[in-house]
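The structure under discussion appears below in the form of structure tokens.
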Amino acid sequence: MLEFTREDLRKLIARQEQPCVSIYTPLHLDMPGALHNPVPFKKLLSDAEKAMLAAGHSASRVNKVVQPGRELLADYGFWQHRSAGLAAFLSPYGFYRFRLPTVPPEKLVVAGRFYTKLLLPLLQGDGAFCILAMSQNEVRLIQATHRSEQRLDLKKVPANMDDALQYQKLERQLQLHTYANPSSAFLGTRTGVFHTQGAPPDEKKEDVSRYMEILAKAVSERLQNDTAPLMLAAVEYLHPMFHAHCTYPHLIPEGLHGNPETLSDMQLREQAWGKVQPVFSKARMNAMKRYDDIKASPLASNDPLKVIPAAYNGAVDTLFADVDVELWGRFDAENNTVELHKDMQPGDVDLLDAAATQTLLQSGVVYGLRKEDMPNPSPLTALFRYPV
């Protein structure tokens with residue numbers, strides 16, 4: 001069970017097959033309350049089963065959807081995991097579950113697509129950011145929120161300069177006074193000649209700069225479909241080298257200085273949050289001001305009948321969405337039209353949820369807000385990439 005990420009959102013949207021069941025439930029963090037964690041999930045799973053049968057789905061198909069949930073109920077160890085909430089998604093195609101760092105409302109949605117709107121704060125706004133920590137023994141890429149953190153797969157990101165430049169005996173070439181591992185020579189070590197803040201010798205600056213170029217390119221490619229702020233944690237002299245080569249547009253100018261080797265992922269997240277939180281607040285305030293400046297132009301709208309098609313068509317740059325409101329209906333992609341219903345009808349989806357998801361999937365920014373924080377009374381407000 002993992003934290004929810006943008007890549008998970010892509011998988012959920014790509015692999016939907018009706019009926020789609022979305023379950024959110026709070027979890028107790030401490031004993032003995034944790035013993036009762038399966039109870040609300042069991043009830044919601046039973047309610048989902050009844051709803052699918054009532055909608056006309058065959059008993060065999062319904063059983064295929066709910067069976068992984070039944071198996072989860074029998075997994076005692078799973079329910080002892082300490083997290084504030086659970087989001088579970090079931091369909092004939094597969095079963096996905098994610099732990100949540102904040103307490104969600106208890107909710108069940110059975111529809112033609114997964115209901116992911118309650119997860120928006122984890123992906124944008126006051127949600128996710130990344131930390132690139134270059135330490136003595138490894139390079140870590142960490143995705144974090146205010147209250148949680150997890151490692152991201154580095155894929156093609158080189159682990160150290162030795163790997164990147166394919167040096168066989170970097171220690172000897174750098175003429176260290178002590179025997180140290182190759183990557184520690186420039187990332188900061190207590191035993192080598194390159195101490196926490198000291199720069200490398202002039203003859204090796206080119207090698208270090210070259211490694212920063214390779215690393216910056218790999219990280220930029222790894223995050224190319226993301227918009228989360230990225231913060232660098234490394235010894236001081238590496239910051240300007242990395243910034244000079246990094247093309248990721250959301251790299252934060254101010255990073256964490258010092259050797260992060262002795263800091264856990266959680267400690268890095270706690271230190272980084274104080275610097276990244278104002279970035280989130282400033283970005284949201286700037287977007288609000290921009291909307292106020294252009295709200296009368298074709299580059300902005302708070303009309304759901306205009307915003308929803310624009311989101312599906314990739315025209316939305318920034319979306320403000322009321323996370324407490326649902327807009328049930330259907331979008332006709334062929335005619336580019338929206339049909340809204342007062343109450344959920346068979347085949348309907350929450351079009352507010354769909355608009356937010358489509359915006360995120362097409363590299364837009366989404367702010368999931370409470371009603372009192374929205375820029376106007378409409379549940380959807382958008383800034384467009386081009387006139388709509």
Can you give the donor-acceptor pairs under 3.5 Å from side chains of residues 51-62 to other protein atoms, not counting sequence neighbours?
| from | atom 1 | to | atom 2 | distance (Å) |
| --- | --- | --- | --- | --- |
| Ser58 | OG | Ser60 | OG | 3.3 |
| Ser58 | OG | Arg61 | N | 3.2 |
| Arg61 | NE | Gln18 | O | 3.2 |
| Arg61 | NH2 | Glu17 | OE2 | 2.8 |
| Arg61 | NH2 | Gln18 | O | 2.7 |

- Item | For Tyr248, ring-ring contact (aromatic ring centres under 6.0 Å, His included) partners two or more places apart | His250
- Distance from Leu352 atom CG to Ile308 atom CD1, nearest 0.5 Å? 7.0 Å
- Query: Do the side chain of His257 and the main chain of Ala233 share a donor and acceptor less than 3.5 angstrom apart?
  - Reply: no
- Message: Under 3.5 Å, is there a donor on one side chain and an acceptor on the other for Gln277 and Ser281?
- Response: yes
- Are any of the side-chain heavy atoms of Gln67 and Glu71 separated by less than 4.5 Å? yes
- Does Lys42 offer a backbone N or O that forms a donor-acceptor pair with the side chain of Ser46 under 3.5 Å? no
- Message: Determine whether a donor-acceptor pair (N or O, by modelled atom type, separation under 3.5 Å) exists between the side chain of Lys117 and the backbone of Val325.
- Response: yes
- Query: How long is the gap from CG on Asp75 to CG on Leu73, to the nearest 0.5 Å?
  - Reply: 9.5 Å
- Asp343 meets the side chain to side chain donor-acceptor pair (under 3.5 Å) criterion, sequence neighbours left out, with none
- Query: How would you list, by chain and number, every residue that makes a side chain to side chain donor-acceptor pair (under 3.5 Å) with His341, sequence neighbours excluded?
  - Reply: Glu339, Asp348
- Message: Which residues pass the ring-ring contact (aromatic ring centres under 6.0 Å, His included) test with His245, not counting sequence neighbours?
- Response: none
- Message: I'd like to know if the side chain of Ser264 and the backbone of Gln267 have a donor-acceptor N/O pair within less than 3.5 Å.
- Response: yes
- Query: Thinking salt bridges, do Arg140 and Glu149 make one under a 4.0 Å N-O criterion?
  - Reply: no
- Message: Within this structure, what is the OG-CG distance for the pair Ser22 and Asp350, rounded to the nearest 0.5 Å?
- Response: 10.5 Å
- Phe384 vs Ser301 side-chain heavy atoms within contact, under 4.5 Å: yes
Donor-acceptor contacts, no H, no angles, side chain residues 312-323, under 3.5 Å, sequence neighbours left out:
| from | atom 1 | to | atom 2 | distance (Å) |
| --- | --- | --- | --- | --- |
| Asn313 | ND2 | Pro309 | O | 2.9 |
| Asn313 | ND2 | Asn336 | OD1 | 3.0 |
| Asp317 | OD2 | Arg290 | NH1 | 3.4 |
| Asp322 | OD1 | Asp324 | N | 2.9 |

- Message: side chain to side chain donor-acceptor pair (under 3.5 Å), that's the test. Do Thr381 and Asn376 meet it? Break it down for me.
- Response: CA-CA 8 Å; Thr381 296; Asn376 55 64; 3.0 Å; yes
- Cluster check Val349, Leu340: I/L/V/M/F/W/Y, side chain < 4.5 angstrom: yes
- Is there a donor-acceptor pair under 3.5 Å between the side chain of Asp332 and the backbone N or O of Thr337? no
- Note on the structure: Residue set satisfying side-chain contact (heavy atoms from CB on, under 4.5 Å) with Asp373, at least two apart, ordered chain then number -> Leu369, Arg370
- Just jot down the side-chain contact (heavy atoms from CB on, under 4.5 Å) partners of Pro387, sequence neighbours excluded, or say none. Pro298, Leu299
- Message: Within the supplied structure, the quantity of interest is the number of heavy atoms (other residues, nucleotides, ligands) at a distance under 6.0 Å from Glu372 CD; does it exceed 12?
- Response: yes
- Task: Could you give me the CA-CA distance, side-chain angles and deciding distance for Glu326 and Lys107, then say whether salt bridge (charged side-chain N to carboxylate O under 4.0 Å, His left out) is met?
- Result: CA-CA 13 Å; Glu326 292 162 345; Lys107 192 171 189 65; 2.7 Å; yes
- Under 4.0 Å between a Lys/Arg side-chain N and an Asp/Glu carboxylate O for Asp353 and Arg113? yes
- Item | Gap separating the OH atom of Tyr211 from the OG atom of Ser209, nearest 0.5 angstrom | 13.0 Å
- Query: Hey, does the side chain of Gln143 reach the backbone of Phe129 with a donor-acceptor pair shorter than 3.5 angstrom?
  - Reply: no
- Message: Going by the rule ring-ring contact (aromatic ring centres under 6.0 Å, His included), which residues pair with Phe41 if we only count those two or more places apart in sequence or in a different chain?
- Response: Trp79
- Which residues pass the side chain to side chain donor-acceptor pair (under 3.5 Å) test with Asn63, sequence neighbours left out? Arg70
- Item | Residue list, side-chain contact (heavy atoms from CB on, under 4.5 Å) with Lys295, at least two apart or on another chain | Tyr291, Asp292
- Query: Side chains of Pro19 and Val65: closer than 4.5 Å at any heavy-atom pair?
  - Reply: yes
- Query: Can you name the residues that form a side-chain contact (heavy atoms from CB on, under 4.5 Å) with Ala111, not counting sequence neighbours?
  - Reply: Val109, Met344
- Note on the structure: Distance col, row Ile294:CD1 vs Leu383:CG, nearest 0.5 angstrom, shows 5.0 Å
- Message: Under 4.0 Å between a side-chain nitrogen and a carboxylate oxygen: does that hold for Arg269 and Asp265?
- Response: no
- At what distance, to the nearest 0.5 angstrom, does CG of Leu86 lie from CG of Asn37? 9.0 Å
- Item | Ion pair Arg151/Glu138, N-O distance below 4.0 Å | yes
